[in-house]
Amino acid sequence: MTDDRLAEDRDHLDPAAAERDDAPPPPEAAEVERPQQLGDPAVAIAGSAEAALVRGIDAQDAVAEAAEVALETERRTGGSVDILTQLQSDEVVSAFIKLSDQFLDAQGFTEHGFRHANLVGRIAHNVLLHLGADRELCDLAAVGGYLHDVGNVVSRMNHGLSGAWIAYDALRRLEVDPYRIGLVLSAIGNHEEQYGSSIGPVGAAVILADKADVHRSRVRKGADTAADIHDRVNDAVTHSFLRVDADAATITLELELDTTRSTVIEYFEIFLERMVMCRRAARTLGCEFRITANGVPLG
């Protein structure tokens, strides 16, 4: 996120003119670009994703990292999903997820790498599993969750749409049935609240899993949490859990917040649209969506 500041430059103003009726208004709302503290250009270039490729970091490194993160996520969320293991071995998928995270880091966004991809994939899988869906449908939700943000390698804008076509190529390489690929593409293309819609179980599970991943582990090292509300809210969440109760037909996002770092009001200030989307997704699954913060029901 960029921290846009408004600067006032009144050195050139005529004090007498400022009192006249015909005096132009002072440029209070004009944006003045502040000079940056620049360092060694070679250091800045050397730290880029492009320079890393020249130094010999390639897709196999991304595959190894994907597998390592997957093992830790499996330990936390339950058993492995075969098709995710295959995707994590795909050089194109792994390289694109790694690059997506690097590009978003450069733009000031929270973590969107292998940790997020694995967690969303497995949460989406478990949502449908706990609601009694067929295993194959659960696996498709896992795929949609794992690949939902891969389009950020192209651009943050409409990344769900570009990500769907990247996913298409990956799943064709795995010789997945086109009908099943279509379900995954729809889930990826509809996961963002700006233009997405919950139109089926696979997509609904991906939406719920994605929006539930709010946690301080997503905040980048060195982020200024005081200046950026998204970093501050994520940093305040010490625990998040998406609880599925098939008997009660409820899906509850349980949050533990450190209110010395951020407030519940700030959480809803930036995530209200996402929570509305979660409510619609839960209803697609025949459930009601609820939220608790520090044990207190919020809806």
Checking side-chain polar atoms at under 3.5 Å, does [X] have a donor or acceptor matched by the opposite partner on [Y]?
X	Y	value
Asn118	Arg122	yes
His112	Asn152	no
Asp210	His116	yes
Arg115	Ser217	yes
Asn158	Glu192	no

Of all pairs that satisfy ring-ring contact (aromatic ring centres under 6.0 Å, His included), the ones with a partner from residues 204-224, not counting sequence neighbours: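 Qualifying pairs, neighbours excluded: none.
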Qualifying residues under salt bridge (Lys or Arg N to Asp or Glu O under 4.0 Å), relative to Glu91, sequence neighbours excluded: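 So Glu91 forms no salt bridge (Lys or Arg N to Asp or Glu O under 4.0 Å) with any residue.
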Sequence neighbours excluded - side-chain hydrogen bond (donor to acceptor under 3.5 Å, both in side chains) pairs with any residue from residues 163-175: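 Found Asp90-Arg173.
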Residues in side-chain contact (heavy atoms from CB on, under 4.5 Å) contact with Ala117, at least two apart in sequence or another chain: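 Per chain and number, Ala117 pairs via side-chain contact (heavy atoms from CB on, under 4.5 Å) with Ile97, Tyr146.
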Kindly write out the residues that satisfy ring pair (Phe, Tyr, Trp, His ring centres under 6.0 Å) with Phe114, not counting sequence neighbours, or none if the list is empty.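 With neighbours one apart ignored, the set is empty.
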Partners meeting ring pair (Phe, Tyr, Trp, His ring centres under 6.0 Å) with His125 (sequence neighbours left out):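 Ring pair (Phe, Tyr, Trp, His ring centres under 6.0 Å) check on His125 returns nothing, list empty.
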Mark yes or no: Arg283 above the aromatic ring of Phe289, with NZ or CZ under 6.0 Å from the six-membered ring centre and no more than 45 degrees from the axis.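 No, Arg283 and Phe289 do not form such a contact.
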Counting only heavy atoms not in Glu68 (residues, nucleotides, ligands), do more than 12 fall under 6.0 Å from its CD?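 Atom CD in Glu68 is not packed in, count stays at 12 or less.
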